[in-house]
Engineer: 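The following block contains the structure, expressed as structure tokens.
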Amino acid sequence: MSNIELSEQELIRRGSLQKLRDLGINPYPANEFKINTNAKEILTTFNPDIPNLQEVVFAGRLMSQRIMGKVSFGELQDETGRIQIYISRDEICPGEDKTLYNEVFKKLLDIGDIIGVMGYVFITQMGETTIHVREFVLLSKSIKPLPVVKEKDGRTFDAFTDPEQRYRQRYLDLIVNPHVKEVFLKRTKIINQMRELFNERGYIEVETPILQPIPGGASARPFMTHHNALNMPLYLRVANELYLKRLIVGGFEGVYEFSKDFRNEGMDRTHNPEFTVMEIYVAYKDYHWMMDFTEEMIERVAMALHGKTLIPVGDKQIDFKRPFKRITMFESIREHTGYDISGMDEDGLREVCQNIGVEYDKTMGKGKLIDEIFGEKCEGHYIQPTFITDYPVEMSPLCKKHRDNPDLTERFELMVNGKELCNAYSELNDPIDQLDRFQEQLRLSEKGDNEAMFIDLDFVRALEYGMPPTSGMGIGIDRLTMLMTNSASIQDVLLFPQMKPEKRAEEDPAEKYIELGIPYEWVEILMKMGYKRVSQLKEVKPAKLFNDICGYNKKNQLGLPNPAANDVSNWLN
RNA sequence: GACUCUGUAGCUCAGCUGGUAGAGCAAUUGACUCUUAAUCAAUGGGUCGAGGGUUCGAACCCCUCCGGGGUCACCA
């Protein structure tokens, strides 16, 4: 970056950087800085009666400075929080030379710098637990000004809120908005709780391919890529279900994976093109067992995070206490539409759609129509956790047929706050039925349903060798985190949500200017003046350009010798 | 993809019916030995997202484009 593009404040900080070097201070030292405490520990354990913490070594980012002459206060922020520091000139600089205080601390340090301090903890007259600094060192200089957020009595001033900047520059968001970090700490805690539960049960955490030759296990548009050495297309996985079930065939009796999945579809408050799903498969279980297990898992997560099961989500209170309500899909539809659709054919379903005002088109099969009715009329009603069970067979090509009704499958989804959170089956392990179902999907796809699944013949072959009866469950980690942290948008629970790339205005490279005979030192200046492309130069009169250049030089005190008027007109010819 | 709101100083925001841009914080200089949104005084800082148009004159009106938010559509 050229200096001319820097703001005044950035230039001043670069100046400070140089002055520090001139004073023999390395603004980016290499050596380890051994701390022996953190902000949280100091704030929670300091006892002035003992007193403890009399030899602390602490490091953090300088977030505010209050300079009061010969003595200063500031705040340092580390991973655990903020602590006040106190520095007095004559303690830092016992001799005649007061440079370290007057110059280095007061002038050359800025908000955002990372420093280390050695000293002892005490309580100020105002009652604030504070590190009395005996010595400090610069650990890293910040040359870009941080948004300054202030707070008093729980009220925040000048909060850094622009969503675009918060998501694009998450590091800034994390520095300046402490509550943001909380969300991500909770996200990790959720995952750790689940992992602990699975490990306690002896289930095995595995990794399966992200690059898949056939994007199976879910109906969704995949991202495509290409492998050069094999000269073949590959897809980023939309699910990992078929690989995990292969492992059950292979003799693992409980496997799970936290996996990033990728879907090339729209983005909104609840969808990001890459997202995290946990899938688990346990042999010799059915979907009833899995419902119990899912309840246990979610209740445990809620308790670990909140110490209770009743959690605020938006303007609602959601209670994750076991057991959750269970209702079949057909009962649910009957309850919310008054229609009993069991045993209905496609035409019957179309008529129901017509009567209750659900839109449909001719590519929709039975499964899709039922899905549409449920999605439109029922889904939104389930605020409290509710298992919807026994989905029609057309909607669930990987799920075992219901033990009592071959039109249905042994499937459940867990609905919370009107949205799907989990999806689980008694897994289909009949290889012949599986192949039939895949072929039915193919027919749907030919009929125009672009969400129908690809056929994975190797998966069918695996089933032919025999897969034990198994139940599997998948849960969206991002959505679970949204619920557990009361976040309205998926972007708030992803550290780096997908964004369109930042675009800069188009400009010609410096070489194009130099080709015209323009000296290098003027190129940046012309660009700063707004002539980002050489074609723009050609449109102005030489006399005007000459005038502007000299004016700019003078106004900004660049101190460059002005070009001759002749030179300028030569550039433009 | 549609509709709608939005883009002004490092940050949060004003800016009237169109008349050459303002505040607070941050920054700079100075004062100040227990402050905490420190305080007090002075100073500097902006191609008003980009390009085009209307106009004597555009941050403001019109068009196109580029970001972003929201709603809807799409989305096991």
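Keep in mind it's a predicted model, so treat the numbers as computed, not measured. Sequence lines set the chain letters: A, B, ... in the order given, protein chains first and strands last, and positions in each chain run from 1.
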Engineer: Strictly by Watson-Crick or wobble contacts shorter than 3.5 Å, is anything paired with B:A27, and which nucleotide is it?
Structural biologist: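 Looking at the geometry, B:A27 pairs with B:U43.
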
Engineer: What is the distance, to the nearest angstrom, from the CD1 atom on A:I111 to the C1' atom on B:U36?
Structural biologist: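 Distance, rounded to whole Å: 13 Å.
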
Engineer: Look at the side chain of A:V148 and decide which nucleotide, out of B:C25, B:G67, B:U35, has an atom nearest to it.
Structural biologist: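 Between B:C25, B:G67, B:U35, the one nearest the side chain of A:V148 would be B:C25.
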
Engineer: Once you apply a heavy-atom cut-off of 4.0 Å, does A:F374 come out as touching a base, just sugar-phosphate, or nothing?
Structural biologist: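 No contact.
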
Engineer: Need the pair for B:A2. Rule: Watson-Crick or G-U wobble, both distances under 3.5 Å, any strand; none if unpaired.
Structural biologist: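 Here B:A2 is engaged in a pair, and the nucleotide opposite it is B:U71.
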
Engineer: With a 4.0 Å cut-off on heavy atoms, is A:D371 in touch with a base, just the backbone sugar-phosphate, or nothing at all?
Structural biologist: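 Answer is nothing: A:D371 stays at 4.0 Å or more from every strand.
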
Engineer: Can you tell me how far C1' in B:A9 sits from the matching atom in B:A59, rounded to whole Å?
Structural biologist: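 Each nucleotide's C1' atom is 14 Å from the other's.
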
Engineer: With a 3.5 angstrom cut-off on both distances, give the Watson-Crick or G-U wobble partner of B:A59, or none if there isn't one.
Structural biologist: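 Partner of B:A59: none.
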
Engineer: For A:E8, answer base if it contacts any base atom (sugar-phosphate contacts may also be present), sugar-phosphate if it contacts only those atoms, and nothing otherwise; contact means non-hydrogen atoms under 4.0 Å.
Structural biologist: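 Touches a base.
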
Engineer: Would you kindly give the CZ-to-P distance between A:F73 and B:U39, to the nearest whole Å?
Structural biologist: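 It works out to 15 Å between those atoms.
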
Engineer: What distance, rounded to whole Å, do you find between the two P atoms, one in B:A2 and one in B:C63?
Structural biologist: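 So the two P atoms sit 16 Å from each other.
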
Engineer: Write down the distance between CG (A:D110) and C1' (B:C11), rounded to a whole number of angstrom.
Structural biologist: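 From A:D110 CG to B:C11 C1': 16 Å.
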
Engineer: Nearest of B:C11, B:A26, B:A37 to any side-chain atom of A:F157?
Structural biologist: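 Of the options given, the side chain of A:F157 lies nearest B:A37.
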
Engineer: Would you call the rings of A:F412 and A:F387 parallel, tilted or perpendicular, where under 30° means parallel and over 60° means perpendicular?
Structural biologist: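 Rings of A:F412 and A:F387: perpendicular, as their planes differ by over 60°.
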
Engineer: Between B:A42 and B:G57, how far apart are the C1' atoms? Round to whole Å, please.
Structural biologist: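 The answer is 35 Å between these two C1' atoms.
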
Engineer: Can you give me the closest heavy-atom contact between A:Q65 and A:L109, atom names plus distance?
Structural biologist: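 Taking A:Q65 first and A:L109 second, the nearest heavy atoms are OE1-O, 3.8 Å.
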
